[in-house]
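The structure under discussion appears below in the form of structure tokens.
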Amino acid sequence: MTFHFNLREIATASMVLFAVIDILGSIPIIIGLRKKVGHIQSEKASIVAACIMVAFLFLGEEILNLIGIDVNSFAVAGSFIIFFLAIEMILGITIYKDDEPESASIVPIAFPLIAGAGTLTSLLSLRAEYYVENIIISIIINLIFVYLVLKSSVKLEKILGKGGVNIIRKVFGVILMAIAVKLFAANINELFSQ
């Protein structure tokens, strides 16, 4: 078995995943969840997200094909979820209200916040262009950073203050909305051209 480690591929895949996961933009969401449920298990959230991402890297396309969904449809559905998350962030409203979760470590942090539709769709796109071992390394790099942000969310909240968190929430809400629109536009064209 030959490994094809390529620093350029690792760097590019890491940057793509960093932008899509957008853990810095999720700081306000993480802080809000921590206030609702108390403690967030950073290790558990990071490990579960890693397992989901690696499993989807290898089995994602087959799973989607098995249930009759193509990657473009999956990406369009993911763009709607990202869009509504962005609206919540920008307007400071709650569109979806769930029962108070006992723990936020797996849902919604590991999935769909870290390993969401955008991330999983990006993994399938990266798999078409890069070697799997380079993508796995980029997943590990990103999840180390995610773990550090989750672990230090209390300190980040103190540094940023309430006003800083609100500003970051609104700015990243707009960025998230732009990502949703771009994801929707790119994949809706693919759906209609088939």
Side-chain angles (χ1 to χ4, degrees), residues 1-27 29-30 42-67 69-83 85-86 106 108-152 171-172 174-191 193-194:
M1 185 174 179
T2 309
F3 291 106
H4 301 86
F5 293 110
N6 183 318
L7 288 177
R8 198 177 127 266
E9 283 190 10
I10 293 168
T12 306
S14 294
M15 286 188 283
V16 167
L17 289 176
F18 181 78
V20 175
I21 293 171
D22 189 28
I23 194 66
L24 294 177
S26 301
I27 290 172
I29 297 169
I30 294 163
S42 310
E43 301 87 1
K44 188 176 183 181
S46 302
I47 290 168
V48 169
C51 292
I52 292 169
M53 290 166 75
V54 170
F56 200 81
L57 180 65
F58 288 102
L59 303 172
E61 211 162 335
E62 288 78 13
I63 292 169
L64 293 178
N65 289 337
L66 185 69
I67 56 177
I69 298 172
D70 61 286
V71 176
N72 300 109
S73 299
F74 187 76
V76 168
S79 72
F80 283 117
I81 294 167
I82 294 169
F83 184 81
L85 274 173
I106 295 175
I109 293 194
F111 181 83
L113 200 63
I114 299 167
T119 306
L120 300 179
T121 306
S122 299
L123 286 172
L124 290 181
S125 302
L126 290 169
R127 174 118 194 240
E129 296 179 44
Y130 302 130
Y131 288 108
V132 173
E133 52 269 28
N134 296 324
I135 299 170
I136 291 173
I137 292 170
S138 67
I139 289 170
I140 293 167
I141 291 168
N142 272 278
L143 287 171
I144 289 169
F145 187 73
V146 163
Y147 169 77
L148 294 172
V149 170
L150 290 174
K151 202 73 176 161
S152 60
V171 168
F172 279 99
V174 172
I175 292 168
L176 208 57
M177 189 173 281
I179 290 170
V181 170
K182 184 178 178 184
L183 192 63
F184 178 81
N187 288 284
I188 202 76
N189 289 335
E190 290 291 324
L191 279 174
S193 65
Q194 290 176 354

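Heavy atoms only: backbone and side chains are in, while hydrogens, waters and symmetry mates are out.
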List the residues meeting side-chain contact (heavy atoms from CB on, under 4.5 Å) with F83, not counting sequence neighbours, and say none if there are none. I87, M177, A180
What pairs meet the salt bridge (Lys or Arg N to Asp or Glu O under 4.0 Å) rule with one or both residues in residues 112-131, with sequence neighbours excluded? none
Evaluation steps, side chain to side chain contact (heavy atoms under 4.5 Å, CB included), between I114 and I109: CA-CA 6 Å; I114 299 167; I109 293 194; 3.8 Å; yes
Give me the atom names and distance for the closest heavy-atom approach of S73 to D70. OG-OD1, 2.7 Å
What pair of heavy atoms forms the shortest contact from M53 to L120, and how long is it? CA-CD2, 4.3 Å
Sequence neighbours excluded and cut-off under 3.5 Å, please list the side-chain donor-acceptor pairs for residues 138-145, or say none.
| unit_1 | atom_1 | unit_2 | atom_2 | d |
| --- | --- | --- | --- | --- |
| S138 | OG | I135 | O | 2.6 |
| N142 | OD1 | F18 | N | 3.2 |
| N142 | ND2 | S14 | O | 3.1 |
| N142 | ND2 | S138 | O | 3.0 |

As an exercise, state the distance from CG of L123 to CG of L57, rounded to the nearest 0.5 Å. 5.5 Å
Is it true that, when you exclude I67 itself, more than 12 heavy atoms of the residues, nucleotides or ligands shown sit nearer than 6.0 Å to its CD1? yes
For residues V132 and F58, determine if any side-chain heavy atom of one lies less than 4.5 Å from a side-chain heavy atom of the other. yes
Not counting sequence neighbours, list each pair that qualifies as a ring pair (Phe, Tyr, Trp, His ring centres under 6.0 Å) and has a residue in residues 110-134. H4-Y131
Across all chains, not counting sequence neighbours, the side-chain contact (heavy atoms from CB on, under 4.5 Å) partners of E43 are Y147, K151
Got a second to check how far T12's OG1 is from L7's CG, nearest 0.5 Å? 10.5 Å
Identify, with sequence neighbours excluded, every residue that meets side-chain contact (heavy atoms from CB on, under 4.5 Å) alongside S152. L156
Give, for atom CD1 of I10 and atom CG of N134, the distance between the pair rounded to the nearest 0.5 Å. 4.5 Å
Taking only residues two or more places apart in sequence or in another chain, which ones pass ring-ring contact (aromatic ring centres under 6.0 Å, His included) with F80? F184
Partner set under side-chain contact (heavy atoms from CB on, under 4.5 Å) for E61, not counting sequence neighbours: N65, V71, L124
